[in-house]
Amino acid sequence: ASAVYDDDMAVSELVTSSLPMETRFPPFQLRQLGGFWFPEAILPGVTAAHARFEPRPSDVFLASFPKSGTTWMKALAFAVAHRADHPPRSPGHPLRHRNPHDCVKFLEEPLAVDGGMLAALPSPRVIATHLPYSLLPGRVVAGGGSGVRIVYICRDPKDALVSTWLFAKKVVAAAAARDGDDGDDGKPPPPPTTFEEAFELFCDGRCTAGPQWRHVADYWEANQKLPDKVLFLRYEEMLMDPVANVRKLAEFMGCAFSGEEEAAGVARDIVDLCSIDALKNMEVNKNGTQEYVKNESFFRKGVAGDWSNYMTPAMAKRLDMIVEEAVQGRAEAT
Ligand code: A3P
């Protein structure tokens, strides 16, 4: 199950309507591909990535299960990669004027490959993805010899679920406010999924990029096999010691902080620039929007353990068990 999906032809020729569908977690109508669920709308982007994306050896990929710290990683990696041109304290720093999702694009978003957005970027490129390791294009994965480095960020699934559910509600509300429907078909917006429903679907792996535990375990195994090519970071550890993790990130990206930069506190400056409070208070993140949701929706609490405000201890135990059993089952199978 964890084999690399290196059959680019098969993905590039896939017929969406033939894939299993899940509609119970609006706003995203999901389709199942390679054992994972994805919003139908991104499948053309996945196809394009498999058919036409050209990796460069200097590329850095930021991979994550949704709502696990993607926005934070985008900001940090962008600030690290471009610190020579954009010192983190400079008033004109792009992150002070653009949302992290406008600074770093997803491989699978509609215009990334076919719109030439990624091809137009200067090297070194920082590119994000929610695709699991097994569904990355064969040319990208570490074993494929492309030289590409992959940074994975992992988060407690209970917090990722809570964050996903709250975010989905905001996306549905934004669509309803925008045009009075769900943005697709002129019908009234679907009723929001209750937390209990979202929990059941999540436990079944039926959510964007789910099952979450398989997403994490695939990257974990890749990190164990190829530690120079795949870095595995944890959201909770980054909260505890962001500076040490940014150092690790820079080193892995091939641009460790110099003695001079260390003395000048550049790592700390990057952490401060990318902190949730700093980003939340920037004008662009207070009032700007992405195509389908307000920028402010990407910055909520940014803490570990908020799940306890939404989940009963029994629910938490059940999800923990599902993850534990799945991970155990894999370990025994290998
Ligand atoms: P919460 O909803 O638990 O607060 P993603 O970026 O993958 O969509 O994940 C969103 C989660 O990351 C949200 O979690 C959000 O608040 C948190 N987040 C966003 N920016 C952050 C930052 N700079 N530092 C820490 N957490 C951040």
Please report the interatomic distance [atom1]([X]) to [atom2]([Y]), rounded to the nearest 0.5 Å.
X      : Y      : atom1 : atom2 : result
Arg139 : Leu136 : CZ    : CG    : 12.0 Å
Leu226 : Ile150 : CG    : CD1   : 9.0 Å
Ser297 : Tyr292 : OG    : OH    : 8.5 Å
Leu233 : Leu231 : CG    : CG    : 4.0 Å
Glu332 : Glu325 : CD    : CD    : 10.5 Å
Ile270 : His93  : CD1   : NE2   : 7.0 Å

Between [X] and [Y] (side chain of the first, backbone of the second, donor and acceptor by atom type, cut-off under 3.5 Å), is there such a pair?
X      : Y      : result
Lys74  : Val104 : yes
Ser68  : Ser64  : no
Asn223 : Val230 : yes
Asn99  : Thr289 : no
Arg96  : Met282 : no
Gln212 : Cys207 : no
Arg31  : Met21  : no
Glu221 : Asp218 : no
His97  : Pro91  : yes

Inset, instruction - Test side chain to side chain contact (heavy atoms under 4.5 Å, CB included) on Asp102 and Gln290 and set out the steps. - result: CA-CA 8 Å; Asp102 291 323; Gln290 296 296 300; 3.2 Å; yes
Measuring only between side-chain heavy atoms, which start at C-beta, is [X] closer than 4.5 Å to [Y]?
X      : Y      : value
Val60  : Pro124 : no
Val216 : Phe232 : yes
Thr164 : Lys67  : yes
Pro20  : Trp37  : yes
Ser163 : Arg155 : yes
Asn285 : Pro100 : yes
Thr129 : Leu62  : no
Leu249 : Leu76  : yes

Are [X] and [Y] joined in one hydrophobic group, where the rule is that I, L, V, M, F, W and Y side chains link up if heavy atoms are under 4.5 Å apart?
X      : Y      : result
Phe61  : Ile153 : no
Ile322 : Leu161 : yes
Leu43  : Leu30  : no
Leu118 : Phe78  : no
Phe36  : Val323 : yes

Inset, instruction - Considering only Ile, Leu, Val, Met, Phe, Trp and Tyr, and joining two whenever side-chain heavy atoms are under 4.5 Å apart, list the other residues clustered with Met117. - result: Leu111
Inset, instruction - Specify the closest pair of heavy atoms between Pro137 and Ala49, including all atoms of both residues, with the distance to one decimal. - result: CG-O, 3.7 Å
Inset, instruction - Report the relative orientation of the aromatic rings in Phe167 and Phe298; use parallel for angles under 30°, tilted for 30 to 60°, perpendicular for over 60°. - result: tilted
Inset, instruction - If the plane angle is over 60° it's perpendicular, under 30° parallel, otherwise tilted; pick one for His215 and Phe65. - result: perpendicular
Legend entry - Under 3.5 Å side-chain donor-acceptor pair for Thr16 and Glu40: no
Legend entry - No-hydrogen, no-angle side-chain donor-acceptor test under 3.5 Å, Glu296 and Asn287: no
Show me the side-chain donor-acceptor pairs of residues 235-242 shorter than 3.5 Å, one per line, residues at least two apart or across chains.
from: Glu236; atom 1: OE2; to: Asp156; atom 2: N; distance (Å): 2.8
from: Asp241; atom 1: OD1; to: Ala244; atom 2: N; distance (Å): 3.2

Inset, instruction - State plainly whether the residues Lys301 and Asp159 are in salt-bridge range, i.e. N to O under 4.0 Å. - result: no
Holding to salt bridge (charged side-chain N to carboxylate O under 4.0 Å, His left out), I want the full list of residues that pass it with [X], two or more places apart in sequence or in another chain.
X      : result
Lys248 : none
Arg83  : Glu261
Arg149 : none
Glu22  : Arg24, Arg206

Inset, instruction - Please identify each residue that fulfils side-chain hydrogen bond (donor to acceptor under 3.5 Å, both in side chains) with Arg125, with sequence neighbours left out. - result: Asp59
Legend entry - Verdict with reasoning, Ile276 to Trp72, per side chain to side chain contact (heavy atoms under 4.5 Å, CB included): CA-CA 8 Å; Ile276 189 160; Trp72 193 13; over 6 Å; no
I'd like a table of donor-acceptor pairs (distance under 3.5 Å, sequence neighbours excluded) in which one partner is a side-chain atom from residues 309-318, with atom names and distances.
from: Asn309; atom 1: ND2; to: Asp306; atom 2: OD1; distance (Å): 2.7
from: Thr312; atom 1: OG1; to: Met315; atom 2: N; distance (Å): 3.1
from: Arg318; atom 1: NH1; to: Glu200; atom 2: OE2; distance (Å): 3.0
from: Arg318; atom 1: NH2; to: Glu200; atom 2: OE1; distance (Å): 3.0

Legend entry - Neighbour count >12 (heavy atoms, 6.0 Å) for atom CZ, Arg89: no
Inset, instruction - Inspect the surroundings of NZ in Lys170 and state if more than 12 heavy atoms from other residues, nucleotides or ligands are less than 6.0 Å away. - result: yes
Legend entry - Residue pairs fulfilling salt bridge (Lys or Arg N to Asp or Glu O under 4.0 Å) with at least one residue in residues 270-293, sequence neighbours excluded: Arg268-Asp272
Looking at residues at least two apart in the chain, or sitting in another chain, which of them share a ring-ring contact (aromatic ring centres under 6.0 Å, His included) with [X]?
X      : answer
Phe28  : none
His130 : Phe106
Phe195 : Trp165

Legend entry - Leu131/Phe38 under side chain to side chain contact (heavy atoms under 4.5 Å, CB included): CA gap, chis, key distance, verdict: CA-CA 9 Å; Leu131 289 179; Phe38 300 100; 3.9 Å; yes
Inset, instruction - Quick one: do Gln29 and Thr23 satisfy side chain to side chain contact (heavy atoms under 4.5 Å, CB included)? Show the steps, please. - result: CA-CA 5 Å; Gln29 176 160 306; Thr23 58; 3.8 Å; yes
